[in-house]
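Each chain gets a letter, A, B and so on, in the order the sequences are listed, and its residues count up from 1. Scope of the values below: all heavy atoms of this structure, side chains included, with no hydrogens, waters or symmetry mates.
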Amino acid sequence: MGKVQISNLKKSYGSNEVLKDINMKIDEGEVVCVIGPSGSGKSTLLRCVNKLEEVTAGEVIVDDYNISDPKTDINKVRENIGMVFQHFNLFPHMSVLKNITFAPVELKKQTEKEAREIALKLLDRVGLADKADAFPASLSGGQKQRVAIARALAMNPDVMLFDEPTSALDPEMVGEVLGVMKDLASEGMTMMIVTHEMGFAREVADRVVFMDGGYIVEEGEPEQVFGNPQHERTISFLEKVL
Amino acid sequence: MKKSRFMWLSMAFLLFFAVCAGNLSQTATAQAGEGKTYSIGTDVTFAPFEFQQNGKYVGIDLDLLAAIAKDQNFKYEIRPLGFNAAVQGLQSNQLDGMIAGMSITDERKQTFDFSEPYYESGVVMAVRQDNNEVKSYEDLRGQRVAVKIGTEGYNFANSIKDKYGFTLIPFDDSVQMYEEVTIGNSVACFEDFPVVAYAIQKGVQLKTATEKESGAPYGFAVNKGQSQELLQMFNKGLANVKASGEYDQIVSKYLGSAKPGEESTTPPAPVSKWKIVSDAIPALLKGLGMTLMYTIISLFFAFILGLIFGFMKVSPSKTARAIATVFVDIFRGIPLLVLGLFIYFGIPGAFGFKMPLIVAAVLALSLNAGAYVTEIIRGGIQSIDKGQLEAARSLGLSNRTAMIKVIIPQAVKVMIPSFINQLVITLKDTSIMSAIGLIELTQSGKLIAANNYQSTVIYGMVAIMYLIVITILTKIADALERRTRRG
């Protein structure tokens with residue numbers, strides 16, 4: 001069984017069906033990039049994995065917990081699923097350090113002192129050791145996103161979800177964020193990444209999933225999807241973005 | 001640092017609240033102790049029968065009541081509510097009795113039981129001192145005539161207005177009515193003779209223009225079928241003070257022996273404006289203190305209501321949202337004045353219990369402000385980007401923790417300007433509660449003006465006091481806001 005197992009997932013907003021029968025599996029340590037045109041449902045799919053979106057039908061299982069079951073303690077499961085957002089969503093009223101230590105301390109995963117040590121190590125890892133006492137408002141977009149990644153990692157998750165992590169960044173800052181993500185991948189983190197960075201997907205992903213119109217149209221190893229796409233819609237999408 | 005500041009603030013608040021609550025319960029126990037204390041309603045502006053002098057209520061009615069209470073050995077508490085509010089208070093059993101120069105009429109006998117008459121009054125017409133054209137009712141044709149609502153003067157004027165063809169301009173108290181005539185908006189007013197004679201003695205620029213119409217005598221009233229023992233004590237005591245000569249002393253103390261047309265028109269020694277101001281300051285400051293106290297207590301409860309309903313409004317539960325919406329719609333949709341009248345007179349009248357004035361006023365203010373605070377809190381919370389809650393929840397935090405630690409600290413900064421605004425509004429709105437007799441700054445001013453007939457000076461002072469306090473509060477709040485924004 002995979003780390004993340006999605007079966008027959010459907011998601012509708014009223015009469016608008018955004019996800020239509022999605023089946024997908026992510027193994028431990030696997031890096032999966034989800035690509036596709038906007039409105040294809042890729043972000044919604046990602047958000048269903050940690051129940052930021054309620055599923056309409058089907059099953060989502062993470063770490064053997066059935067997320068779609070209302071009896072599951074979703075807060076407990078989320079502790080093991082890190083998430084990075086397009087717009088960072090750092091807490092503006094907390095310092096960088098506090099942003100990172102806040103959840104682990106609040107949830108009693110770490111003492112204040114442990115959390116601080118871990119946070120400083122994480123900041124060092126994302127190259128922002130000197131920004132511990134700064135407030136989010138004083139950081140650049142790239143720095144904010146790296147703090148957001150550190151914040152998610154502080155909970156010591158075994159799956160990381162990335163929702164278009166570089167889409168809101170100025171082009172010159174994309175690299176620094178992708179660099180951090182690449183390191184993370186090479187360390188064996190299980191990652192599900194919704195992205196428009198085709199070069200990154202091709203280089204880092206173990207598997208690429210192409211979505212369109214609420215379906216998974218095509219999936220496979222990067223070389224296969226990018227180098228020899230089978231489906232007509234994949235071909236026309238890749239022609240536009242590459 | 002931040003945490004301790006918040007602690008201090010909440011502690012100061014709790015302390016203040018405890019002191020206020022302590023004060024309230026103290027009055028309550030004092031009332032309940034040893035023997036019944038009767039609540040007696042009266043007018044605020046009906047000199048020489050009742051008016052405020054040096055911070056005390058005096059006048060023929062009140063001196064007489066004191067003499068009778070002493071003779072009959074009962075305890076009472078004076079509630080200067082204004083005539084109309086007192087009538088309603090008596091009807092709804094908020095009061096046990098009422099003495100307010102109230103004429104015994106057949107109409108009133110339907111609702112109230114009256115004592116033996118204690119004063120033979122009579123209505124006269126009064127005009128401005130320099131007015132020599134209006135000498136009889138015929139001269140009123142096509143003119144405006146000022147009257148005071150609910151008085152014999154009103155009833156009399158109303159009964160002849162069609163015959164003589166004049167228009168009635170009704171007022172709530174005598175001072176406003178006199179002012180209407182002295183500034184020339186109306187040509188005449190109708191009022192009980194002793195009342196207008198006393199005002200002229202005090203320097204109001206009026207003169208009586210007709211003989212006194214023999215009117216209904218004044219009586220002490222209780223609600224029909226209620227407080228009969230009080231009525232009997234009043235009658236017995238009245239007979240005793242009349243027999244002892246004390247009654248005549250009281251009446252001549254205020255009226256001398258003036259008859260219509262003979263009242264002295266020589267103005268009393270002119271009082272300097274500065275003296276008027278300095279005499280009024282202590283009572284007005286006390287009124288201001290009450291205004292501030294009612295504002296703070298009301299806002300405290302409004303804040304609690306706002307927190308409860310504000311969070312219900314942003315809750316995922318449809319039922320909770322619906323309840324909160326109904327709350328806001330009701331209390332934002334009813335004018336504060338109507339709400340106050342309904343709570344103070346309507347509810348006790350319907351269910352037959354007494355509601356302390358302070359409770360009614362604070363309740364009305366809290367519910368009204370609570371509806372607005374609910375909207376402020378809802379707006380503040382909803383103004384915070386949805387991503388903040390998602391980020392907190394995605395880390396495994398509960399909805400509650402996410403709200404308290406992530407959303408609210410940010411929302412509060414957004415809410416502060418609106419809270420300041422609400423503080424200023426509620427502070428000003430306390431004046432509306434003077435309509436049910438709450439003694440705060442406006443009512444204090446009204447009481448003083450009713451006694452010295454210096455409306456311009458007194459209401460000017462009241463306005464300036466509101467202005468100063470609100471300006472100071474706004475500046476303090478601005479500074480506070482700047483600090484939170486920086487922090």
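The minimum heavy-atom distance between V406(B) and H93(A), with the atom names listed, is O-CE1, 3.4 Å. Closest non-hydrogen pair, F91(A) versus A391(B), comes out as CE2-CB, 4.0 Å. The nearest pair of heavy atoms linking L397(B) to N75(A) is O-OD1, 3.6 Å. Counting all heavy atoms, side chain and backbone alike, F102(A) lies closest to K405(B) at CZ-CB, 3.3 Å.
For a residue to count as touching a neighbouring chain, one of its non-hydrogen atoms must lie under 4.5 Å from one of that chain's; by this rule T401(B) touches chain A with the side chain only. Only the side chain of L52(A) comes within contact range of chain B, with at least one heavy atom under 4.5 Å from a heavy atom of that chain. If you measure heavy-atom distances from E79(A) to chain B, the contacts under 4.5 Å come from both the backbone and the side chain.
Close approach to chain B, defined as a heavy atom under 4.5 Å from one of its heavy atoms, is seen in R151(A), A152(A), M155(A) of residues 151-166 of chain A, taken by number.
Residue R321(B) places its CZ atom among more than 12 non-hydrogen atoms of other residues, nucleotides or ligands, all under 6.0 Å distant. Other residues, nucleotides and ligands place more than 12 heavy atoms under 6.0 Å from the CD atom of Q382(B). Summarising the local packing, CD of E112(A) is surrounded by 12 or fewer heavy atoms from other residues, nucleotides or ligands at distances under 6.0 Å. Within 6.0 Å of atom NZ in K428(B), 12 or fewer heavy atoms from other residues, nucleotides or ligands are found, so the atom counts as exposed in its surroundings. Heavy atoms from other residues, nucleotides or ligands lying under 6.0 Å from OH of Y65(A) number 12 at most. Heavy atoms of other residues, nucleotides or ligands lying less than 6.0 angstrom from CG of D133(A) number 12 at most.
Using modelled atom types, one finds no donor on one side chain facing an acceptor on the other under 3.5 Å when comparing R393(B) with N50(A).
Atom CD of E53(A) sits about 7.0 Å away from atom CD of E390(B), to the nearest 0.5 Å. If you take CG on L395(B) and CZ on R78(A), they are separated by 10.0 Å, rounding to the nearest 0.5 Å.
In this structure the side chain of P409(B) never reaches within 4.5 angstrom of the side chain of M94(A), judged on heavy atoms.
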